[in-house]
There are 2 protein chains.
Amino acid sequence: MLTERQLLILQVIIDDFIETAHPVGSRAISKKDNIPFSAATIRNEMADLEEMGFLEKTHTSSGRIPSEKGYRYYVDHLISPFSNQQRKGNVIKHVLQDGVFEFEQIVQMSAEMLSELTNYTSIILGPEIYETKLKQVQIITLSSNTAVAILVTNTGHVEHRSFSIPKKIKASEFEKMVNIMNDRLHGVPIVKLPEKFNSEIASIMRKYIEDFDTSYNYLKAAFLADYPVKLYIGGKSNILMQPEFNDVDKIRSFYSMMENEEEIANLLKQNHDGIEVFIGQENKVDAIKDLSLITASYHLGEGQLGTIALLGPTRMEYRKVITLLNILSNEMTEALYMWYKNNG
Amino acid sequence: MLTERQLLILQVIIDDFIETAHPVGSRAISKKDNIPFSAATIRNEMADLEEMGFLEKTHTSSGRIPSEKGYRYYVDHLISPFSNQQRKGNVIKHVLQDGVFEFEQIVQMSAEMLSELTNYTSIILGPEIYETKLKQVQIITLSSNTAVAILVTNTGHVEHRSFSIPKKIKASEFEKMVNIMNDRLHGVPIVKLPEKFNSEIASIMRKYIEDFDTSYNYLKAAFLADYPVKLYIGGKSNILMQPEFNDVDKIRSFYSMMENEEEIANLLKQNHDGIEVFIGQENKVDAIKDLSLITASYHLGEGQLGTIALLGPTRMEYRKVITLLNILSNEMTEALYMWYKNNG
DNA sequence: CATTAGCACTCGACCTTCAAGAGTGCTAAC
DNA sequence: GTTAGCACTCTTGAAGGTCGAGTGCTAATG
């Protein structure tokens, strides 16, 4: 559909625009080393590319900038993703394997590294607690009528929640229940807890525990509530350095979106494996319809565990970023796999 | 030093400027109901007030705006702080006492409420874990060579840290040590832990534990490390709505400061009781030298526990904000006192 | 003698005009 | 098919002009 020359010109225009953020003119292109055509020829080709929807003008006599369709084509066909993988791969590997052993630390560090390497905003979703397994539960009483419930997973993740104990229930009863839970629920995936709780634990407890129904409700509230998804965000202010953020209103809407963690989490939750690129309008959320979002998934054991994402202007260094995310998601999967092997 | 009339005019100018963010002219003032003087008279007074350093001009023929000295005087002398306390006090009280019992939840909610009520950015520091007392420690092994250390305070605060167990130490040894710690350290203020650890625990453990020195180091690393101070920030993007943030560079520097939580924490740590106001240059950190910071402390039991702060433009609604912080810090102290009574 | 009216003056905000420069589209020549 | 040439378009920035808000000063006033 596109001729060789058109491909070349499209690529050069997008590369140039990504670098400079300025519209690209025919003369500038014709002067490049790998372009043996005159400016007039380029102009003709650019007119065709514009007609096909790959390029746009900011005004009638400006140079061309890529359209979203142009970026899409670029990402799908013009990127050779594994160009400079080696060098950066090593950097990441080095940091990730350097004696870090705390799950959440690995993730947080990755987010920061990512935003630093790219100068965009990085978002890492997860680790999804639901994929992990219960290691142990615990109730520690603080006073006659309050206690804190603690839940530890096999990944070393700790969730805790304070709650008040109704007067008529004895602390010793809670202890009994905790023992039963530790006995029966060890190794059960967190996501299966409620189900297992209802089907199995409830009937056992009913036999042993006085005033079972009241206690049961408290227990459920303490241990089975929805745990908030954890978001790790790096370089929130990086994106402000991009020239497209010279508009105060854009900044406002960007930051008010970033405050809504739940929305972001939903945005990132994806089922696909591998890397996905959302360019401008392709995004589902209005607030980032003029940005690009690139997501990759990382794994732990079998189930998908979480998502790494980068948010930047549509004029993003797709080549570099995609390569980087590819590497990082693999590195994280690997690092977490080692962790998992030790702790699963 | 200042005449009655000058005081009145100063107050009117600042009130007006706080409301509108526009320089205030003599004619506008003379038209107000409580001002029986002509514009010319006002002009003379304004010239005097400017000479004394309370007012400034943006250019030779503009209206006046308050200088930082002007704000300082306004805050120190022209505010009657407890004007509309009653109404808002009730709102806060209502929310704070509405069945909330989780310490950190109280704080987080207060931060959000505060930023919502004021449209500025609220920052709450603490609760300082150091003022609280140890309730219980716990080590849960995840695998043959990793474990998670959990520490619970009397406030229901839970700290945890993963660490790896050296091969030569048996898990049972750690268990013994944990038992000793729970025995001896229950009720000890967190801040005194290291001291108590060295003076008392070490010698006891040495008697009972094989290969004490190695284990001891791991234990120290797991339980005695500096716990990061927790910051609760509300309405980060509120401040963007202020007209003084129409400058992209200001936004950049503000947000890059807000990413450095440690710096913020240091900024807020204060020994004073009660409310403190830092106007513009009075702030110690460059990034907020054109903003105002208002801090108040809240308490738990005896020791000071933390700081509530509001960050906004120097053109801040000091009257409202100071009243509000006053109330909120009292409410929080009260709410936390009730919590403490139940859990201390 | 403090207060005020009057007036010349200043400055920012906004608009228009103008020239320069970058870039295009089209036509005609190669 | 490719390219040189040229008229045309549009942005950008500088220069100039007007308007309005507001000041400082002077002289008149109660």
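Chain identifiers are assigned alphabetically (A, B, ...) following the order of the sequence lines, protein sequences preceding nucleic acid strands; residue numbering begins at 1 within each chain. Small disclaimer: the values here were computed from a predicted structure and weren't measured.
The nearest heavy atom of DNA chain C to Ala39(B) and to Ser62(A) marks one nucleotide each, and the one closer to the 5' end goes with Ala39(B). Between Gly63(B) and Asn44(B), the residue whose closest nucleotide on DNA chain D is further toward the 5' end is Gly63(B).
Thr41(A) and Ser38(A) form a side-chain donor-acceptor contact under 3.5 Å, judged by distance and modelled atom types alone. Side-chain contact annotation: Ser292(A) with Tyr318(A), donor-acceptor N/O pair under 3.5 Å present.
Between Arg27(B) atom CZ and dA5(C) atom P the separation is 11 Å, expressed in whole Å. Per the geometry, CD belonging to Glu45(A) stands 11 Å off P belonging to dG1(D), to the nearest Å. Distance, Ile42(B) CD1 to dA5(C) C1': 15 Å, rounded to whole Å. For the pair His22(B) NE2 and dC11(C) P, the interatomic distance rounds to 21 Å; values are reported in whole Å. Summarising the geometry, the separation between CD1 on Ile65(A) and P on dG23(C) is reported as 14 Å, rounded to the nearest angstrom. For the pair Glu50(A) CD and dC26(C) P, the interatomic distance rounds to 11 Å; values are reported in whole Å. Rounded to whole Å, atom P of dG23(C) lies 10 Å from atom CG of Asp16(A). Rounded to an integer number of Å, the gap from CG of Asp48(A) to P of dG1(D) is 12 Å.
Classified by interplanar angle (parallel below 30°, tilted 30° to 60°, perpendicular above 60°), the ring pair Tyr255(A)/Tyr255(B) is parallel. By the 30° and 60° cut-offs, the orientation of the rings of Phe54(A) relative to Tyr73(A) is perpendicular.
Residue Arg64(B) has a polar side-chain atom (N or O) positioned under 4.0 Å from OP1 or OP2 of dT23(D). Phosphate contact (OP1/OP2 of dT3(C), side-chain N/O of Arg5(B), threshold under 4.0 Å): present. Checking the phosphate oxygens (OP1, OP2) of dG24(D), a side-chain nitrogen or oxygen of Lys57(B) falls inside 4.0 Å. OP1 or OP2 of dT4(C) sits under 4.0 Å from a side-chain N or O of Thr41(B). In this structure, Ser26(B) reaches the dT23(D) phosphate: one of its side-chain N or O atoms is under 4.0 Å from OP1 or OP2.
Lys250(B) pairs by the salt bridge (Lys or Arg N to Asp or Glu O under 4.0 Å) definition with Asp290(B), not counting sequence neighbours. By the side-chain contact (heavy atoms from CB on, under 4.5 Å) test, Asn246(B) pairs with Val248(A), Arg252(A), sequence neighbours left out.
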Summary of protein contacts for nucleotides 5-11 of chain D, nucleotide by nucleotide, where a base hit scores B, a sugar-phosphate-only hit scores S (4.0 Å, heavy atoms): B---BBS
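Heavy-atom neighbours of Arg72(B) CZ from other residues, nucleotides or ligands within 6.0 Å: above the threshold of 12.
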